[in-house]
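These numbers come from the heavy atoms of this one structure, side chains and all, not from hydrogens, waters or symmetry mates. Below, read A as the first sequence line, B as the second, and so on, with proteins coming before strands; counting in each chain starts at 1.
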Amino acid sequence: MGNMARRNDEVEALLQEYADLLSITGGDAFKVRAYERAARAVGGHHEDVSTLDAKRLRAVPGVGRSIADKVAEYFRTGTIRSLEEVRARIPAGVRELMAIPTLGPRKAALLYHDLGISSVEELVDAIHEERLRDLKGFGPKTEENILHGVALLRQAGGRVPLDDAWELAAEIVAELSGVSGCLRCVHAGSLRRFRETIGDLDILAAADDSAPLMDAFTRLPLVAEVIARGAKKTSVRTTKGFQVDLRVVPVQAWGAALQYFTGSKEHNVRIRERAVHAGLKLSEYGLFDAESGELVVSETEEEVYARLGLPWIPPPLREDRGEVEAALRGELPELVTEEDIRGDLHTHTDLTDGVSTLEDMVGAAAGRGHEYFAVTDHAPNLPMVRMSDEKMLAQRERLRAVAGEYPALTLLHGTELNIDPEGEVDWPEDFLATFDVCVASIHSHFTLSGKDTTRRLLRACENPCVNIIGHPTTRLLGRRDAIDADLGEVFRACARTGTALEINSAPDRLDLRDEDILHARRYGVKFAINTDAHSVRSLDVLRYGVGTAQRGWLTADEVINTWPLGRLREFLRKGR
DNA sequence: GCCGTTTTCGGCCCGACTGTTTTCAGTCG
């Protein structure tokens with residue numbers, strides 16, 4: 001799976017790059033869109049595109065003769081000639097300008113052609129030197145927006161999205177686990193704790209002799225540079241500029257090392273304090289008697305915690321947010337797990353902006369062992385999707401038709417509504433009431449005042465047909481701030497009206513985020529952990545939503561899509 | 001560049017918002 005995903009991802013990235021470069025050069029907008037569409041389709045495709053012959057490649061929606069040829073050329077030669085040609089004309093830094101929110105291909109092209117700007121740094125310098133002032137279409141507000149966008153980008157501080165880190169870790173762990181003499185290998189660090197972005201990736205392995213593991217590690221194809229190489233620790237930088245540390249420990253020290261390298265630093269400080277008070281000393285090598293220096297325990301994390309008078313603490317809780325105190329009181333939450341999730345309540349198909357068909361999405365849901373599955377395509381007020389009542393009803397018929405093939409899976413017909421500035425949604429109540437489930441989300445007017453946004457969300461909660469507030473803060477990691485709202489008021493309204501808050505699992509959203517979940521659960525709110533999947537493959541993101549929910553201390557009972565269908569349906573009736 | 005119970009051309013995702021203009025270009029969802 002990991003490997004297959006990467007081949008498709010490679011092609012998706014290349015086609016998207018080609019689309020971006022075409023748009024910068026002012027190429028035909030429809031051609032640009034064709035490449036973007038093909039990129040998304042390949043990225044979301046369920047088969048490994050490197051294994052497909054020409055005919056089956058062209059069966060991927062949006063892939064025709066020309067793009068199929070380019071994909072084949074890439075797998076045959078390792079490059080795409082036409083991409084190389086356009087790369088030679090446009091520096092990579094110009095494309096990187098497009099990562100700045102509010103800065104698209106036209107402005108990037110203008111900045112490059114008129115001022116020779118080809119990096120974010122040069123752009124920031126140029127703004128401070130007031131060199132943008134004479135540029136057509138650029139005013140003071142544009143400068144301000146660019147600087148804010150750059151600040152958002154830099155907030156991520158070189159950190160990597162959770163899914164990128166996860167996939168990289170999975171690949172490295174799989175590779176190293178096969179090395180002779182490797183007794184254990186896992187990822188640790190902030191990835192094990194499911195933080196929303198990852199700084200450095202920490203891989204931990206156990207072996208008697210570390211040399212074969214270190215050799216294999218430094219020889220991985222994705223390694224661009226070996227930063228440090230030792231017997232216990234080796235650090236590399238990947239071709240994408242990401243630092244990965246491998247630590248190899250004797251298997252006897254596994255538990256102590258895993259505990260130490262999982263962090264967080266703040267959690268470990270608390271744990272070591274407890275050790276000191278008990279006359280012990282904790283390090284990555286084990287728990288030792290402070291006086292005699294004799295090893296007490298080190299083989300498993302459970303033993304280490306137990307010897308300190310604590311139950312094992314799940315990694316997502318290890319942030320020094322009261323988990324040690326809760327553990328001491330015997331009040332650690334029994335965290336929701338991916339296995340607890342019985343179904344997804346927010347997904348899309350190619351009827352709107354998804355890339356997989358309804359049949360493929362449903363088949364994949366059945367394959368995952370879901371008990372229920374909601375298809376919730378976009379409602380008409382999102383103009384790009386050109387939705388209509390007729391299309392929705394036709395989809396409902398199609399859903400009914402496919403349902404017969406999966407007797408163990410209950411299909412729910414839903415929609416993702418748009419909450420307008422007044423808090424109203426797309427359809428009147430009588431039509432909404434015909435859906436099994438309605439998600440309602442903000443997709444426009446992100447910059448209303450806090451007061452107006454709060455009122456807007458409250459109004460949506462009070463709609464008797466709105467079951468779930470989708471991606472409640474609408475933030476995009478590294479791209480868009482959370483909306484300004486009095487979340488306490490919103491959470492109170494959700495609890496009162498029987499409206500669930502979504503934990504959107506998309507790695508660039510993770511919305512609600514962990515702190516907001518901790519806040520919201522104090523109001524007795526219910527949650528829904530959804531994928532918002534736009535393809536079969538993106539159904540996999542569920543783990544990130546569950547990890548985020550765990551960081552928010554959620555138990556299965558607080559999450560409506562862990563419930564049996566009957567209890568879920570009762571909740572979705574919302575007292576109607 | 002893709003696609004076709006419109007089949008080899010002529011459409012294709014469209015409307016709103018923002019900031020810049022002085023009638024509109026660029027970006028976004």
Side-chain angles (χ1 to χ4, degrees), chain A residues 11 14-16 18-42 54 57-73 80 82-83 86 97-111 114 127 132-149 152 348 350-355 377-388 391 416-422 426 440-448 470-471 474-476 479-481 483 504 506 508-509 511 532 534:
Chain A
V11 174
L14 290 169
L15 295 176
Q16 183 60 52
Y18 193 60
D20 287 347
L21 294 176
L22 279 182
S23 69
I24 292 168
T25 60
D28 173 28
F30 290 113
K31 188 167 157 183
V32 171
R33 238 182 255 157
Y35 275 99
E36 284 177 340
R37 176 167 138 75
R40 292 201 320 132
V42 167
L57 208 45
R58 290 186 59 179
V60 178
V63 176
R65 179 183 300 278
S66 173
I67 292 179
D69 284 349
K70 288 186 175 70
V71 174
E73 181 190 354
I80 300 171
S82 40
L83 174 60
V86 69
L97 297 179
M98 288 171 62
I100 301 168
T102 72
L103 213 163
R106 312 310 279 255
K107 287 202 173 102
L110 197 65
L111 288 166
D114 286 15
I127 290 173
L132 267 56
R133 295 292 164 87
D134 301 328
L135 228 48
K136 188 160 183 259
F138 285 71
K141 193 70 194 185
T142 305
E143 292 185 347
E144 194 186 316
N145 287 342
I146 289 173
L147 290 176
H148 181 244
L152 269 176
H348 297 274
D350 62 0
L351 180 64
T352 58
D353 57 348
V355 300
D377 269 315
H378 288 287
N381 292 354
L382 196 62
M384 61 183 281
V385 301
R386 296 205 298 182
M387 183 48 69
S388 65
K391 278 178 161 180
E416 182 181 13
L417 302 164
N418 305 288
I419 306 174
D420 79 10
E422 305 305 317
D426 307 59
S441 314
I442 287 179
H443 291 122
S444 66
H445 303 86
F446 305 113
T447 54
L448 295 186
H471 45 74
T474 71
R475 65 134 178 207
L476 289 175
R479 282 194 74 79
R480 187 168 67 212
D481 291 319
I483 48 169
N504 187 297
D508 60 343
R509 291 193 185 272
D511 182 10
D532 195 1
H534 285 65

Given B:dC3, is OP1 or OP2 found less than 4.0 Å from the side-chain N or O atoms of A:Arg58? no
For residues 22-39 of chain A, which residue pairs pass the salt bridge (charged side-chain N to carboxylate O under 4.0 Å, His left out) check, not counting sequence neighbours? none
When the P atoms of B:dT6 and B:dG11 are compared, how many Å lie between them, rounded to an integer? 16 Å
Sequence-distant partners of A:Asn418, side-chain contact (heavy atoms from CB on, under 4.5 Å), two or more places apart: A:Ala379, A:Asn381, A:Leu382, A:Asp426, A:His443
Mind checking side chain to side chain donor-acceptor pair (under 3.5 Å) for A:His445 and listing every partner two or more places apart, or none if nothing turns up? none
Non-neighbouring partners of A:Ser444 that pass side chain to side chain donor-acceptor pair (under 3.5 Å), sequence neighbours left out: none
Holding to ring-ring contact (aromatic ring centres under 6.0 Å, His included), I want the full list of residues that pass it with A:His534, two or more places apart in sequence or in another chain. A:His348
Protein within reach of the bases, or only the backbone? For nucleotides 13-19 of chain B, mark each nucleotide 5' to 3' as B, S or -, using heavy atoms under 4.0 Å. BBS-SSS
Taking salt bridge (charged side-chain N to carboxylate O under 4.0 Å, His left out) as the definition, give me every residue that meets it alongside A:Glu73, ordered by chain and number, with sequence neighbours left out. none
A:Arg475 meets the salt bridge (charged side-chain N to carboxylate O under 4.0 Å, His left out) criterion, sequence neighbours left out, with A:Glu196
Spacing of A:Leu97 atom CG relative to B:dG26 atom P, expressed in whole Å: 16 Å
Using atom CG of A:Leu476 as one end and atom P of B:dG29 as the other, report the distance to the nearest whole Å. 6 Å
Tabulate atom names and distances for all N/O pairs under 3.5 angstrom spanning the protein and nucleotides 5-10 of chain B.
none

